[in-house]
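What follows is a single structure, written as structure tokens, with notes after it.
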Amino acid sequence: MKKFGFIGMGNMAQALAEGFIASGKVAKDCIFAYAPDQEKLRNNAERLGFVPCVSLKELTESSDTLIMACKPYQIEDVLIELGEDGLKGKNLISVAAGWDFATYASHIDCRETAVQYIMPNTPVAVGKGTFLMEETSSMRDEDRHTITDIMSSLGTVITIPSRLMDAATAVSGCGPAFFDMVIEAIADGAVKNGIARKTAYELACTAMAGTAELMLKTGLHPGELKDRVCSPGGTTIKGVASLEESGIRSAFIKAVDAVIR
């Protein structure tokens with residue numbers, strides 16, 4: 001597993017390619033990519049340093065590990081175009097939502113092609129991502145360890161049972177958008193009360209990032225950390241009470257449920 005070929009070069013693929021290169025674990029000339037929009041592909045290649053390919057055939061011939069990073073609805077056509085010969089003996093890492101091991105197994109021979117479903121999230125672009133690695137896989141342990149090592153340089157890798165991938169994706173994959181909304185809303189409250197917009201975002205972002213880091217490092221329950229900030233009759237508990245009245249807990253639980261449905 002030395003040469004990686006991206007099928008599709010959208011935002012997530014760009015973040016991964018950039019992270020691979022920045023980590024020093026994969027050389028620029030060992031990263032290849034193909035996308036139908038050749039002009040955009042060449043521009044991204046010039047910016048990031050990977051090698052652009054003019055066809056799927058060129059990509060597969062140049063790579064031993066393929067990363068399926070196109071839109072989920074495009075994958076069936078890609079598999080048909082590649083055919084069994086194009087995938088035989090390859091490692092195939094899928095980062096396309098919904099295309100787990102069972103789905104690939106219904107389309108290709110996963111004994112001839114080593115398949116691993118991984119779901120990253122957008123913070124991989126800054127080395128703070130989360131990678132959900134599906135437990136079910138036809139990839140060799142040695143190659144899974146290699147993938148884990150590379151991905152670990154861009155964030156945290158968590159192995160998840162296949163039946164729980166959708167629920168886990170709702171949290172780590174969709175969560176950043178939910179947290180962005182929280183940051184924006186809290187910042188709006190700060191701006192409403194006289195804080196400059198840029199400063200408001202900085203305050204909200206650093207408070208959220210610091211709180212998450214504190215919980216991970218201490219292992220304390222989030223409720224306990226919340227209680228430590230809430231003094232009897234103080235300002236924080238009044239804000240907490242207001243959030244509870246607005247149904248903040250049920251709103252987030254419903255959001256996760258909505259994603260899974």
Side-chain angles (χ1 to χ4, degrees), residues 1-17 20 31-38 41 50 52-121 124 130-148 150-151 157-170 172-174 259-261:
M1 184 180 287
K2 296 179 180 179
K3 296 184 178 181
F4 295 83
F6 283 86
I7 301 174
M9 189 41 70
N11 292 333
M12 182 56 71
Q14 290 175 47
L16 289 173
F20 286 4
I31 297 178
F32 303 83
Y34 167 76
D37 189 335
Q38 287 285 295
L41 181 68
F50 63 79
C53 296
V54 298
S55 66
L56 279 173
K57 186 175 186 294
E58 181 186 352
L59 181 77
T60 56
E61 289 176 348
S62 303
S63 314
D64 54 49
T65 299
L66 301 174
I67 300 178
M68 191 72 77
C70 57
K71 300 295 184 184
Y73 71 85
Q74 298 172 320
I75 294 180
E76 284 194 56
D77 289 339
V78 170
L79 295 177
I80 291 172
E81 183 174 346
L82 288 174
E84 291 184 10
D85 290 340
L87 290 171
K88 188 174 182 180
K90 302 288 186 182
N91 290 307
L92 177 61
I93 300 172
S94 179
V95 297
W99 276 80
D100 57 8
F101 182 83
T103 304
Y104 277 100
S106 68
H107 288 77
I108 63 175
D109 187 346
C110 292
R111 294 167 299 179
E112 296 290 341
T113 305
V115 176
Q116 176 66 64
Y117 176 45
I118 294 175
M119 182 50 57
N121 62 7
V124 300
T130 300
F131 293 88
L132 304 178
M133 179 177 283
E134 185 182 14
E135 191 172 57
T136 304
S137 168
S138 59
M139 194 169 284
R140 298 183 307 168
D141 287 343
E142 178 184 349
D143 289 334
R144 278 172 62 95
H145 291 322
T146 299
I147 294 171
T148 300
I150 294 172
M151 301 298 185
V157 180
I158 302 175
T159 300
I160 300 290
S162 299
R163 64 185 179 83
L164 297 177
M165 281 294 288
D166 287 346
T169 299
S172 70
C174 304
V259 172
I260 297 173
R261 284 198 297 269

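Since we're looking at a predicted model, the values are computed, not measured. The first residue in the sequence is number 1, and the count goes up from there.
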Is it true that a side-chain atom of [X] and a backbone atom of [Y] form a donor plus acceptor pair closer than 3.5 Å?
| X | Y | answer |
| --- | --- | --- |
| K90 | S63 | yes |
| E61 | L56 | no |
| Q116 | E134 | yes |
| T60 | K57 | yes |

How far does [atom1] of [X] sit from [atom2] of [Y], to the nearest 0.5 angstrom?
| X | Y | atom1 | atom2 | value |
| --- | --- | --- | --- | --- |
| D37 | M9 | CG | CE | 12.5 Å |
| R111 | K88 | CZ | NZ | 11.5 Å |
| F6 | F50 | CZ | CZ | 9.0 Å |
| I150 | F20 | CD1 | CZ | 6.0 Å |
| I7 | L82 | CD1 | CG | 5.5 Å |

Distance flag, aromatic centroids of W99 and Y104, threshold under 6.0 Å: yes

Stepwise side-chain contact (heavy atoms from CB on, under 4.5 Å) test for F131 and I147: CA-CA 11 Å; F131 293 88; I147 294 171; over 6 Å; no

Minimum heavy-atom distance [X]-[Y], with the two atoms named:
| X | Y | result |
| --- | --- | --- |
| L16 | V124 | CD2-CG2, 4.3 Å |
| A97 | P72 | O-CG, 3.6 Å |
| Q38 | C53 | NE2-O, 3.2 Å |
| S172 | L132 | OG-CD1, 3.3 Å |
| S138 | A114 | OG-CA, 3.4 Å |
| S94 | Y117 | O-CD1, 3.4 Å |

Verdict with supporting geometry, T113 and L66, side-chain contact (heavy atoms from CB on, under 4.5 Å): CA-CA 10 Å; T113 305; L66 301 174; over 6 Å; no

Distance-only side-chain donor-acceptor flag, T169 / D166, under 3.5 Å: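 D166 and T169 do not have a side-chain donor-acceptor pair below 3.5 Å.
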
T159 and E135 side chains, donor-acceptor separation under 3.5 Å: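 No, because no side-chain N or O of E135 sits under 3.5 Å from a partner of the opposite role on T159.
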
Is any side-chain heavy atom of [X] closer than 4.5 Å to a side-chain heavy atom of [Y]?
| X | Y | answer |
| --- | --- | --- |
| K2 | D64 | yes |
| D100 | T136 | no |
| T65 | D143 | no |

Residue pair I67, I118: steps toward the side-chain contact (heavy atoms from CB on, under 4.5 Å) verdict: CA-CA 10 Å; I67 300 178; I118 294 175; over 6 Å; no

D77 vs Q74, side-chain contact (heavy atoms from CB on, under 4.5 Å): CA-CA, chis, key distance, verdict: CA-CA 6 Å; D77 289 339; Q74 298 172 320; 5.8 Å; no

Heavy-atom neighbours of N11 CG exceed 12 at 6.0 Å: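 It does not: N11 CG has 12 such atoms or fewer within range.
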
